[in-house]
Each structure stands twice: as structure tokens, then as C-alpha cells.
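Notes for the one structure printed next.
Just so you know, ligand 1 is whichever comes first in the structure, and atom 1 is the first atom listed for that ligand.
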Amino acid sequence: MKDKEIEKLIKEEGVRERKVVNLIASENFASDDVREALGSVFTNKYAEGYPGGRYYGGTAVADKLENLVRKRALAVFKLSPEKWAVNVQPYSGSPANLAVYLALVSPGEKIMGMSLNMGGHLTHGQKVSITGKIWHQIPYGVSQKTETLDYGEIGEIAEKEKPRIIVVGYTAYPRVIDFGKFRKIADSVGAILMVDMSHFAGLVAGGAYPTPFRYADVVMTTTHKTLRGPRGAMIFARKIKINSKLTIAEAIDKAVFPGLQGGPHLNAIAAIGVALREAGQPSFKTYAKQIVKNAKVLAEELKKLGWKIVSGGTDTHLLLVDTMSRGIGGKEAAEKLERAGIIVNKNAIPYDTRKPSDPSGIRLGTPAVTTRGMKEKDMKKLAARIDNILKR
Ligand code: DSN
């Protein structure tokens, strides 16, 4: 590389990534092939529009690429192209969620989503996000007693508020979600059911987490977390009518382009295609199952060492540790671990009374360490190390 300053930083980041133990639940290591596609000639090309209907010349190869990636996306999640369509153009998760609302929810209508401090995401209607300014968030959370979803209470909130859309799928929820129960709640109030599977998409692809597709009207995901692709997102939508003119899928396509975005990042789409091919291999099933096994062992071992794990454990790739239960704030815990080479993020725990900049816990995730080959025995050692570091 001629730019020595940037080259140096890329090398520095490479060394950092190799040296630390990465327990950030939303990060991963994309393969060399994914990164090669990301740095390919597709970065040079504009292709506003969709295959067969572009606003630029020279898009024949772009059309082949986008069609192939769409086909792979449907295949990985075992979806029939008669019933489902997928949009692979969203730049990332936040614009993807914005596009779904733009397509399906009129300004001022209600988005029912989990509050950020309970494990939800900013873009599920949180006030500080544009999604909470254009639309009106009806928050829900988890039970204070079990720290898991209380479907009875969620049903009551939906019944009272009659939201236009219910958003399911979170950034800090360690348990399996009963999508069937959410379908019943959505049907009982005439709401659209949207699943944000960004965190667990790779687990769904690898058969280590229940599929939301049986129940949802719309499923979106980022592509860089458990799915192990480049930064990007996809929106899967049913081909059923949302109004007299459009299907849900058509409305979403219009919202992504021209509603919200300009030219798709074809290089990212190419890299998503590579990641989807990888996710369709038998080895990815083994990987996804190992992520969950590792998280379970990490949670169990930390529990044995006296740490309180939110909801008592995990069914997924992540766990929340209530560090305050042993007198250590989340910020201090994360900093102590980082000084010892273990990277985590501070995280609110349900019903947290501390501020988001220094909450009561930390979030640990196993997708990245599992990519690096760690297994159950490594999780036992890791739990002991975390315990030692936090006790110092
Ligand atoms: N920032 C992501 C996470 O860490 O969960 C969600 O967008």
C-alpha cells in the first residue's frame, strides 16, 4: 500500500485483533474470502435501482451479482422464492430497520419494541433514535423476577396500545424467543410481526436457534455478527399484500431505494454472497452449535465462581454478567478486562438503576472466540481468568 499511514493502522489493528480475546457478542472475524470480495472492483460501480431496472449503464454484472446473492440468502434460510423476497442492499442494520418502518408504518404510528435498557436496540423506536422521533415507541421489557420475556404482559401491552408493528429480536437477550407466541399476540391486535435477527442470524443459519421465518412477516438481519460476513444487512419480506397496490416485499424495496438509500454497496453485497455460501456449508452448522456450547459453558463456569448471570444462563451466543452484584460497575469491569487483554462491553442489565455510561453489567459473547477455534475447555479457563481479573 502506498499510503503508509493507513497501512500502519491496518497492521496495528490486525495485531490488536490477534492479541486479544474478543468477547464482544456482536463482532466476529470475517474470512479472507469475505474481505477479498469487500475490497474487489465492485467498489467502483454505481447501480442505483434493482436487477433489471437500474439507473446507470454497465450494470449487467451487478445484476448477476445481486440476483445470485438474493438466491443464496433465500436458500440459506430455506425460504421459498414464491413466498419470500430479500433485499440485500441496506448499508447496515440501522438503515435496514428504518426502511422497514418507512415501508410499513405511517409517521406517528406505534412501534412496539423492547426498551434499550432491557436489551432492545436504539432503532426499535428508542426516543434518541430517529425511529423514536418519526414513530411512537411502545416499550416492553422482561419480567423483573425471571429476567425473561413475559408473553402475558407483552400481550396485555399490545392489546392496550394496538401497535402497527411489533419488533422482536434484541441485542442483549440471552434466551430463545418464542416467535409463535409473538405471532399470536400480533394477530390478536392486527400488528405486523418483524423479527430483527441480527444477533442470532448465524445461529438460525446453522440450526442452533429456532427459525423466525415460520411466524414473521418481515425478518431483517445485519450480516457481520454471528453470520460472519461483512458489515451490511438484509431484509426478508413476505410477498403478501400490505395495501391494494403493494406486497410487503415491494413496499420494502421502495423504501430502501429510492426511499432511503442511493447506490447499493456492490462490494458489500459480493462479500455478503461469500458469507452466505460459507454459512450454507456443513462446517457452519458445527460452528453455530459450538458458539452456543461455548456460551453455555462460560455462563455455567462463571456461575460456579459466584457471578450472577442475568436470567440464570444462556441459550444463545451471549450472556450478561451482573458485575454490580459483586460491587463492580460495568465500566470498571470492562476496563479491568481490557487491561488484561479480554475485550467485552459494559452493558445495562434489566431494571438497571445505574446510568448507561456506567451500567451494572457486562455482555460476553462467543462468536469471535469460536471462530478462532476455542472450545468448552477454553471457556473454563477463560471463566477462571475473568474471575481472577475482576476480583483483583
Ligand atoms: N452494536 C450492536 C451490538 O453490539 O449489539 C447492535 O447494533
Quick one: which ligand 1 atoms are inside 4.0 Å of a heavy atom on [X]?
{"X": "R363", "value": "3 (C), 4 (O), 5 (O)"}
{"X": "T171", "value": "5 (O), 6 (C)"}
{"X": "H199", "value": "3 (C), 5 (O)"}
{"X": "H121", "value": "6 (C), 7 (O)"}

Which protein non-hydrogen atom lies closest to atom 3 (C) of ligand 1, naming both residue and atom, and how far is it?
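Heavy-atom neighbour on the protein nearest atom 3 (C) of ligand 1: S26 OG, 3.3 Å.
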
Evaluate the criterion side-chain hydrogen bond (donor to acceptor under 3.5 Å, both in side chains) for residue pair S311 and R175; output intermediate values, then yes/no.
CA-CA 8 Å; S311 84; R175 296 300 188 177; 3.0 Å; yes

Do any non-hydrogen protein atoms sit less than 4.0 Å from atom 7 (O) of ligand 1?
yes

Output field: ring centroids H265/Y91 closer than 6.0 Å
yes

Parallel under 30°, tilted from 30 to 60°, perpendicular over 60°: which one fits the rings of F257 and Y50?
perpendicular

Has R214 got its NZ or CZ under 6.0 Å from the middle of the six-membered ring of F179, at an angle within 45 degrees of the ring axis?
no

Taking the six-membered ring of F284 as reference, does the cationic atom of R228 (NZ for Lys, CZ for Arg) lie under 6.0 Å from its centre and within 45° of its axis?
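The answer is no; the distance or angle limit is not met.
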
Contact check, E27 vs ligand 1, heavy-atom distance below 4.0 Å:
no

